[in-house]
Protein chains: 2
Amino acid sequence: MAEKALNILELKNNNRYRILDLLRYEPLSRAEVSLKTGLAKSSVTTLVNEMINEGILLELGPARKNGTAGRTRILLDINGSYGFVLGINLHRKRISVAAVDIKGKELWSFTLPTGDITTIEALELIKKTLPKKLAETKLNIKNLLGLGVSAPGPLDCEKGVILEPPNFKLFNNFPIVEALKKEFGCPVVLENDAVTLALAEHSYVKKQIGSSLFVTVSNGIGGALLKNGDIYGGSHGIAGELGHISIDPFGEECPCGNRGCLEQYATLSALKNRFDIADSVELTSENSQKGKAAFDFLINTMGTALVGAVNLFDLDTVILYGEFDNDTEKITAALEEYIKSHSVICRVHPVKVVPSGLKRGSSAFAAAIPAINYFFNNSV
Amino acid sequence: MAEKALNILELKNNNRYRILDLLRYEPLSRAEVSLKTGLAKSSVTTLVNEMINEGILLELGPARKNGTAGRTRILLDINGSYGFVLGINLHRKRISVAAVDIKGKELWSFTLPTGDITTIEALELIKKTLPKKLAETKLNIKNLLGLGVSAPGPLDCEKGVILEPPNFKLFNNFPIVEALKKEFGCPVVLENDAVTLALAEHSYVKKQIGSSLFVTVSNGIGGALLKNGDIYGGSHGIAGELGHISIDPFGEECPCGNRGCLEQYATLSALKNRFDIADSVELTSENSQKGKAAFDFLINTMGTALVGAVNLFDLDTVILYGEFDNDTEKITAALEEYIKSHSVICRVHPVKVVPSGLKRGSSAFAAAIPAINYFFNNSV
DNA sequence: CATAATTAGTTTTAGCCTTGAACTAATTAT
DNA sequence: ATAATTAGTTCAAGGCTAAAACTAATTATG
């Protein structure tokens with residue numbers, strides 16, 4: 001209700017966006033689009049045929065519905081080759097880049113190790129490398145429909161500025177969005193990396209219905225909150241900071257200012273230090289006592305933070321992405337059990353904890369998603 | 001993006017609702033409405049004049065803008081006497097009811113002590129008492145535009161059912177919305193009590209911009225999350241359960257299943273038991289050592305939970321409502337200080353902690369708000 | 001195998017909504 | 001007193017969607 005009123009000119013666009021948004025998840029016939037949007041069949045015909053002429057949509061050809069009479073449907077699909085976007089993930093020690101077509105297909109990706117580079121140097125690196133790579137892979141910059149940038153920690157997405165991230169000095173307070181917009185002449189959107197991963201999971205792995213929390217575990221612990229596929233961004237687009245939930249107010253001091261933050265306990269490196277284990281495999285090994293202790297510790301600490309999140313957010317799904325590749329199922333099952341027995345809400349609505357369907361190293365791909373979203377509906 | 005597409009018939013209604021929604025907060029002229037909605041002046045004229053004819057809007061008469069040339073504005077306002085709604089707050093030991101006109105003015109309210117009553121008896125009591133009171137106060141049931149019901153704890157707002165609340169057996173799993181709809185023949189909406197209070201604060205005390213958490217402290221501790229005035233309801237409309245955030249995983253068992261829940265520490269009765277203090281006055285008294293200890297304890301426990309909420313939600317305001325009437329400013333100031341020094345986000349965006357502007361005992365009034373919202377925009 | 005039934009998609013006409021421009025109305029600036 | 005400014009209205013024009021009647025393509029049925 002807070003947005004501007006719709007004038008009649010925006011109405012058409014609005015309905016076009018709605019149709020596109022439906023087709024992003026699965027090919028549908030005109031009849032099905034009509035049913036799902038509530039628009040009249042005739043309106044769908046008009047809008048769809050316009051978009052086919054413009055090249056955004058494709059007809060996939062006839063497709064039979066099993067065991068029904070009547071004319072065969074003609075499935076519609078987004079035309080992937082209409083254009084593409086670039087995703088750039090900024091990381092403490094590397095920058096990774098991916099090209100993704102508007103259907104969500106990754107065209108290529110690569111990683112640049114950066115080491116101790118300055119902001120200006122990093123920007124120059126991006127400016128030089130991207131056009132070269134585009135030329136090599138025969139992608140025309142004219143078809144570049146947008147650019148998504150993701151980074152850890154607090155950002156100001158509206159202003160397009162990365163804000164003093166802990167353990168991350170690159171691009172500190174630098175107006176990266178403005179700089180890239182100027183260079184590449186396309187829309188540029190900045191988003192938290194956990195947010196982009198959550199959106200990627202929702203759009204291209206499994207549509208998230210209801211309220212879900214996407215948790216990333218690597219150097220730090222990040223999180224992003226989704227409600228029916230929309231990000232809940234909080235006041236400054238930095239909601240979901242699970243890593244700095246205090247699970248022990250008398251615990252060690254954390255660089256963030258708080259004490260006993262989850263991030264100090266439940267990352268792989270923290271567990272390695274505390275329990276002297278070798279790797280994530282040892283966590284779920286039957287033979288290692290140290291591994292078992294570390295596993296229990298992980299479940300208790302992470303579980304405590306998640307119970308808080310479940311109670312506050314009324315979650316029904318928690319998605320885990322990151323370091324604990326090995327036997328993720330065992331970890332998610334244990335966390336689910338922990339939450340079930342420690343949350344009020346769960347007595348009524350059980351929470352599912354599942355591993356992310358995204359493969360590791362999807363950050364650059366994920367960074368591209370907000371740019372695709374922006375293309376499809378002018379909003380991240 | 002998830003809703004249905006707009007057909008042209010809904011467009012008009014949509015714009016009417018937008019205009020009404022603007023006028024709920026302050027009287028505006030047609031020109032200002034045009035500016036704020038983006039609708040053409042001529043469209044505003046048409047829509048507004050229609051609504052004046054229908055009796056929903058009123059012209060307040062000419063009003064000068066200070067120091068500008070031109071014709072005087074004619075301020076528009078919601079017509080309070082167009083109709084009213086009833087709010088019913090269900091509490092462990094009482095039911096309170098309020099009549100509120102659609103401008104948000106409380107017409108009357110009263111409280112029924114219920115004691116150990118059964119669900120059926122309580123329902124009968126409501127069915128009998130309300131029409132009697134309406135007749136007494138000369139309110140015509142024809143002008144009853146809606147009915148809002150609020151209750152503590154987990155609910156299923158969509159289905160209109162109160163779900164096994166802890167410490168609250170009344171209406172347990174009872175389809176209250178259906179029953180009342182049948183009896184009174186108007187829309188009935190069910191909402192969590194903290195949610196209704198948050199909406200009341202937003203609509204009739206101070207418009208909440210950004211992300212805010214409304215915290216209620218009484219027998220238990222509840223919470224509701226607002227983003228630009230819209231409730232973030234979570235998966236089942238029960239987000240914000242601050243009271244069962246664990247602040248000590250090794251603490252006492254809570255009836256909810258978790259351990260060391262905030263609710264076990266930071267309510268007035270918990271503090272009374274733990275520190276042997278007399279009342280909330282003692283908390284902020286200069287002379288009481290016990291009071292000081294209790295105060296510090298309150299700030300630390302509540303602060304810990306709030307830091308978690310701030311980090312997860314990226315809050316910029318926390319609003320406190322409830323038991324700590326005495327010297328609330330001192331408590332909010334201390335909490336603000338605690339959060340400032342314990343949250344990552346706050347280093348970038350300071351969080352404000354403020355006492356609610358609602359007077360105590362606003363539950364029934366607040367319960368009516370979702371019904372008003374429903375009247376204005378068909379959504380809670 | 002022909003006809004009916006069913007489902008998909010298109011064409012065309014009509015109606016509704018918003019708009020923009022030109023207007024009236026009411027006030028201040030000079 | 002006249003110009004400038006802001007508020008609000010009227011009305012013709014244009015754009016979007018809807019509904020109905022249509023064509024198209026397939027399965028069910030005897």
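Note that the coordinates shown come from a computational prediction; the quantities given were computed from them, not determined experimentally. Proteins come first, then strands; the chains are lettered A, B, ... in the order of their sequence lines, and each starts at number 1.
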**Global bending angle along the helix from C:dC1-D:dG30 to C:dT30-D:dA1, which compares the axes of five pairs at either end, to 10 degrees** = 10°

**Item:** B:Leu86 side chain near B:Leu144 side chain, heavy-atom distance below 4.5 Å
**Value:** yes

**Asked** Roughly, in whole Å, what's the span from CG in B:Leu35 to P in D:dT6?
**Response** 12 Å

**Asked** What's the CG-C1' distance between B:Leu76 and D:dA7, to the nearest Å?
**Response** 11 Å

**B:His202 versus B:Leu226, closest heavy-atom pair with distance** = CB-CD1, 4.0 Å

**Prompt:** Does a nitrogen or oxygen in the side chain of B:Asn49 sit under 4.0 Å from OP1 or OP2 of D:dT9?
**Reply:** yes

**Fill in**
Scoring nucleotides 23-30 of chain C by protein non-hydrogen atoms under 4.0 Å (B base, S sugar-phosphate only, - none) yields --BBBS--

**Request:** Report yes or no: do A:Tyr232 and B:Ser211 form a side-chain donor-acceptor pair below 3.5 Å?
**Result:** yes

**Asked** Which of these nucleotides, D:dT9, D:dT17, C:dT18, is closest to any side-chain atom of B:Ser43?
**Response** C:dT18

**Under 3.5 Å: donor-acceptor pair, side chain of B:Asn228, backbone of B:Gly210** = yes

**Prompt:** Would you say D:dC11 has OP1 or OP2 under 4.0 Å from some side-chain N or O of B:Ser42?
**Reply:** no

**Prompt:** B:Lys12 NZ to C:dC17 P: how many Å, rounded?
**Reply:** 4 Å

**Length of the line joining B:Glu50:CD and C:dC17:C1', which is rounded to integer Å** = 10 Å

**Item:** For B:Leu358 against B:Ala200, the heavy-atom pair lying closest together
**Value:** CD1-CB, 4.1 Å

**Request:** Anything under 30° is parallel, anything over 60° is perpendicular, the rest tilted; go ahead and classify B:Phe313 against A:Phe313.
**Result:** perpendicular

**Message:** Regarding A:Ser29, tell me which of base, sugar-phosphate or nothing describes its non-hydrogen contacts under 4.0 Å with the strands shown.
**Reply:** sugar-phosphate

**Asked** What is the distance from CZ of A:Arg73 to P of C:dA8, rounded to the nearest Å?
**Response** 8 Å

**Prompt:** Whole Å only: how far is the CG atom of A:Asn14 from the P atom of C:dT18?
**Reply:** 14 Å

**Message:** Is the phosphate of D:dT17 approached by A:Asn15 (side-chain N or O, under 4.0 Å from OP1 or OP2)?
**Reply:** yes

**Asked** Under 4.0 Å between a side-chain N or O of A:Arg16 and OP1 or OP2 of D:dC16?
**Response** no

**Request:** Answer with yes or no whether the side chains of A:Asn13 and A:Arg18 bring together a donor and an acceptor at under 3.5 Å.
**Result:** no

**Request:** With side chain to side chain donor-acceptor pair (under 3.5 Å) as the test, would you mind laying out the steps for B:Glu191 and B:Thr196 before giving the verdict?
**Result:** CA-CA 7 Å; B:Glu191 261 302 349; B:Thr196 64; over 6 Å; no

**Message:** Between A:Asp77 and A:Pro27 (side chain of the first, backbone of the second, donor and acceptor by atom type, cut-off under 3.5 Å), is there such a pair?
**Reply:** no

**Asked** Please give, in whole Å, the distance from C:dA8 C1' to A:Lys36 NZ?
**Response** 17 Å

**Asked** Quick one: B:Glu59 CD to D:dT9 P, roughly how many Å, whole number?
**Response** 7 Å

**Asked** Has the side chain of B:Glu178 got a donor or acceptor atom that lies under 3.5 Å from a matching backbone atom of B:Pro175?
**Response** no

**Request:** State whether B:Arg30 places a side-chain N or O below 4.0 Å from either non-bridging phosphate oxygen (OP1 or OP2) of D:dT6.
**Result:** no

